[in-house]
Every structure is written in structure tokens, then in C-alpha cells.
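Take a look at the structure set out below.
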Amino acid sequence: MAPAQEQLEGEQIVASNEDGANCIEKSRVTVIGSGNWGSVAAKLIASNTLKLDSFHDEVRMWVYEEVLPSGNKLTNVINETNENVKYLPGIKLGKNVVADPDLENADFLDLVGGDIAVKDATMLVFVTPHQFMDAICKRLVGKIKPDVEAISLIKGMEVKMEGPCMISSLISDQLGINCCVLMGANIANEIAVEKFSEATVGFRENKEVAERWVLLFSSPYFQVTAVQDVEGVELCGTLKNIVAIAAGLVDGLEMGNNTKAAIMRIGLREMRAFSKLMFSSVRDSTFFESCGVADLITTCMGGRNRKVAEAFAKNQGKRSFDELEAELLQGQKLQGVSTAKEVYAVLSNRGWLEMFPLFTTVHEICVGRLPPTAIVEYSEHKPKCCLA
Ligand SMILES: NC(=O)c1ccc[n+]([C@@H]2O[C@H](COP(=O)([O-])OP(=O)(O)OC[C@H]3O[C@@H](n4cnc5c(N)ncnc54)[C@H](O)[C@@H]3O)[C@@H](O)[C@H]2O)c1
Ligand SMILES: O=P(O)(O)OC[C@H](O)CO
């Protein structure tokens, strides 16, 4: 693969080898989340902070504390073994990754004699399942530096009384900070063993900040491009999880490759239509980045949403998604079922249900109102309802 180099392509930024150490105060990075992708993100970042002079070496990683079957706390095991034995077993994170169970870091000084965590971080990487973010942001209010830069790797959205809210907006609004996003065809276990992947950073206005995120994440096996379309990038990452559920249902029904390709095509069309209805600024070109069609393909081929939906269809919907998630994912979390519910709420509220037959049908299957077979029946009746 070509080495990272600076190159402006219209609105795009690709990785630069220029550290900028001379002109920027050293950044401190904290990763908030330590699941499967959170752990891989910490590993990627930690290998770069060691190489880049403009970053402090240490990467703090907030761990939602749990006690393992051995009786040990996950945080202690991560710090002793340098491995997240529950969510990313077998992979060394890098000795400069420090697991921290205290989100606001009131007690951490006493525990390890360290001197930083969220309160001193200048770059925050949010990477937890989306359903926990509202509570996490509430805990962080007033605890972070006012000028901290944030990035969300979280694929999901919230629907509140006042309407839908993307996770990057939740972070920005609740904490009063700028928030970029990073999405892409990124099955974490593959990146953990350094197989080549691409990703997309979405940014709002500040190109320099986007460049800094690109620098922090890029490696020869993880090529990052930035585009000025934060909503488009985030909606791609969020909505593809609903299509992945549909793809898994089709797999469970053993419908074959043509049907799955049709689901992916119709899904992509609904992703684009929904995104543009939500934000007129969303660009068509974003759907051709890693966060768009590439993530849709990888997630429909090899993701967790697909896997659990396949099992759901094989069991004719008799075992719930929650039960199958717990059994098959061992603590990892699905985003597609809750995202389908959240998107359904938006569609229902705005009178758009018939315009989005795939999104609508996925939710109705997930909640048991329709059988799994409905995923291949709907398209015979409603294709003309999809937006052109
Ligand atoms: N795993 C992947 O391949 C992958 C790739 C790209 C993006 N993502 C996205 O990254 C985000 C995080 O996923 P992940 O794979 O890192 O996590 P995960 O599903 O592997 O793990 C679940 C995490 O949630 C934590 N948790 C459980 N209860 C909690 C609570 N009440 N409050 C806070 N945290 C709690 C667990 O400790 C664990 O760290 C999701 O939005 C996902 O869509 C995942
Ligand atoms: O395993 P999934 O279905 O959560 O998908 C993982 C990533 O989002 C793929 O990019």
C-alpha cells in the first residue's frame, strides 16, 4: 500500500506524515470505551502516539468495569496483561495503553500515581455502544477541558422527545465541544491483526482538526480519508446496521447471494434517501467512501448484526434478539435492532414509513410483528414506495 502523504483532493484530506510537533502543543488522548472496536482503536492510536512527537505517549482507555469469571476486575487484567481478555483476547494493546475504570478519574491518581485521564485529555475518542452515550455525556459535563477535541466512532443515533439526534451532536451539545466522526468498513477483529482497511473521518468546518485525527489513526494498514460531511459519514455508519440485520435474515432463510445483493442495493438507496431527508447537506460522494458502500458490504458479509439476525431467522423468530445477542456475542452489543427502532420512530413521526419499506420491515420483524420471511416478501409489494 502507498505510504501516507499529504494530498488535498477537493474537500478530501488523506493522511500526512507531517507530525506538526513544532507548532502544536502535545495532545493527550483518552479513549472512552473498551469493547471490541474500542480496544482496537486504542491499539491503533497507541502505536501512533509512540511515533508522533506531538502526542503524549500514554493513551488512557476508560473501561466499563466488570468482574470476570476468574473474580478479577477487567481493568486490572488489562493493565497486568496488556490485553482486553474479554473483548479482544489474544491481542496486545501496547504498553502505553492504560485502562482506567473511573470515567471522571476522581480516584485514579491514588490508584496508579498517574497524572492524567479525561480531565486532562485534549483529544477524546468516543467508542461505546450508542445506547450508553447519553448517560456517559451527562457524567462528563464539567469534567473535561473546554477546548478538547472529540471524535465519535459510534454507529448509532438517539431519538429524543424533540427529535432524532446523531451521537456526534449529542456529544457536541451536551459537552459544548467540537466532534468529528470516524466510520468505515472496519470489522475490529480484522484490524486488530493488521489486515488492510480504510476509514472515513467526517468533519464539519475545521480541516486542521480533521487532519490531526487522520494523523492519529492512520497506519500503513489503516488508511484514513477525511470529508467535510459529518452527518453523511455518521448516517452511513449508523444506517448500515439496519441493512445488516436484513442481510442476516436473508442468510438465515438461505435465500442466496442475489437476494442479499438486492437487500444491499435497496438498503443503500434507503440509507441515501433517509440521510438526505434528514440533512440536505449530505453529499452523494460520501456514499462512495469507506463509510458508505464499503462498510455496507463488509457488515452484510461478516458483521455481528448479520450473525445474530441469521440466527434469529434460523429460529423462525422464536428466540429474541436480546437472547441471541447474549449467547452469540458474549457481552458485545448489537446496534442494528435499536437503530431500526429509532429510525422507525422518526419515519412514523414524519409519515415516511411507506417510503422506507426495508427499514420499516426490519423493525417490524425485530419486534415480532412480522415473521423473518417478510424481509423477502415486502419487495414484491412495495418497491415503488422507495425513493428514487
Ligand atoms: N466491533 C466492531 O467491529 C466495530 C467496528 C466499527 C464500529 N463499531 C462501533 O463501535 C461502537 C462500540 O462497539 P464495540 O465493538 O467497541 O463494543 P462491544 O459491543 O464489543 O462491547 C460492548 C461494550 O459496552 C460496554 N458496556 C456494557 N454496559 C455498559 C454500560 N452500561 N455503560 C457503558 N458501557 C457499557 C462493555 O463494557 C463493552 O466495552 C458501536 O457503536 C459499534 O457499532 C464496532
Ligand atoms: O459487527 P457489526 O455488525 O457491529 O459491524 C461492525 C462494523 O461496524 C463494520 O464496519
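In each ligand, atom 1 is the first atom listed, and ligand 1 is the first ligand listed.
A side-chain donor-acceptor contact under 3.5 Å links Thr286 and Asp229. The closest side-chain donor-acceptor pair between Thr75 and Glu65 falls under 3.5 angstrom. In summary, the side chains of Ser70 and Asn72 do present a donor paired with an acceptor at a separation below 3.5 Å, with no hydrogens or angles considered. Side chains of Thr299 and Arg306: no donor on one and acceptor on the other come within 3.5 Å.
Ligand 2 lies nowhere less than 4.0 angstrom from a heavy atom belonging to Ala188. Heavy-atom separations between Gly33 and ligand 1 are all 4.0 Å or longer. Contact between Glu66 and ligand 1 is present, with at least one heavy atom of the residue lying under 4.0 Å from the ligand. Distances shorter than 4.0 angstrom occur between a heavy atom of Gly331 and an atom of ligand 1. By the 4.0 Å heavy-atom criterion, Ser34 is counted among the residues contacting ligand 1. Contact analysis puts Arg304 in contact with ligand 1, with a non-hydrogen atom separation below 4.0 angstrom.
When heavy-atom distances to ligand 1 are checked against a 4.0 Å cut-off, Gln332 comes that close through both its backbone and its side chain. If you look at Lys155 next to ligand 2, the close heavy atoms, those under 4.0 Å, all belong to the side chain. At a heavy-atom distance under 4.0 Å, no atom of Val63 approaches ligand 1. Counting heavy atoms under 4.0 Å from ligand 1, residue Trp37 touches it through both backbone and side chain. With a 4.0 Å heavy-atom cut-off, ligand 1 is reached by the backbone of Asn36 and by its side chain too.
Within ligand 1, the atoms closer than 4.0 Å to a non-hydrogen atom of Lys333 are 18 (P), 19 (O), 22 (C), numbered from 1 in the order shown. For ligand 1, the atoms closer than 4.0 angstrom to any heavy atom of Ile154 are 41 (O). Short contacts between ligand 2 and Lys240, defined as distances under 4.0 Å to a heavy atom of the residue, involve ligand atoms 5 (O), 6 (C), 7 (C), 8 (O), 9 (C). Listed by atom number, the atoms of ligand 2 under 4.0 Å from Thr299 heavy atoms are 3 (O), 5 (O).
Nearest protein neighbour of atom 5 (C) of ligand 1, counting heavy atoms only, is Asn186 O, 2.9 Å. Nearest protein neighbour of atom 3 (O) of ligand 1, counting heavy atoms only, is Ala188 N, 2.8 Å. For atom 12 (C) of ligand 1, the closest heavy atom belonging to the protein is Thr128 C, 3.5 Å.
The shortest N/O to N/O separation between Ala185 and ligand 2 does not fall below 3.5 Å. Of the polar atoms of Lys155, at least one N or O is found under 3.5 Å from an N or O of ligand 1, judged by distance alone. An N or O contact shorter than 3.5 Å is missing between Thr298 and ligand 2 by distance. By the 3.5 Å distance cut-off applied to N or O atoms, Asp295 is counted among the residues near ligand 2.
Annotation for Cys236 and Met271: closest pair O-CE, 3.7 Å, computed over non-hydrogen atoms.
Heavy-atom proximity to atom 38 (C) of ligand 1, evaluated over Trp62, Phe132, Tyr64, Tyr87, is greatest for Tyr87.
At least one side-chain heavy atom of Ile167 sits under 4.5 Å from a side-chain heavy atom of Glu158. Contact check for Asp120 versus Arg60: no side-chain heavy atoms found under the 4.5 Å cut-off.
Salt-bridge check for Asp251 with Lys307: failed, with every basic side-chain N at 4.0 Å or more from each acidic carboxylate O.
The distance between the ring centers of Phe359 and Tyr344 does not fall below 6.0 angstrom.
The backbone N or O of Leu334 sits less than 3.5 Å from a side-chain atom of Glu325, completing a donor-acceptor pair.
None of Met166, Glu234, Lys155 except one satisfies the side-chain contact (heavy atoms from CB on, under 4.5 Å) rule with Val181; the exception is Glu234.
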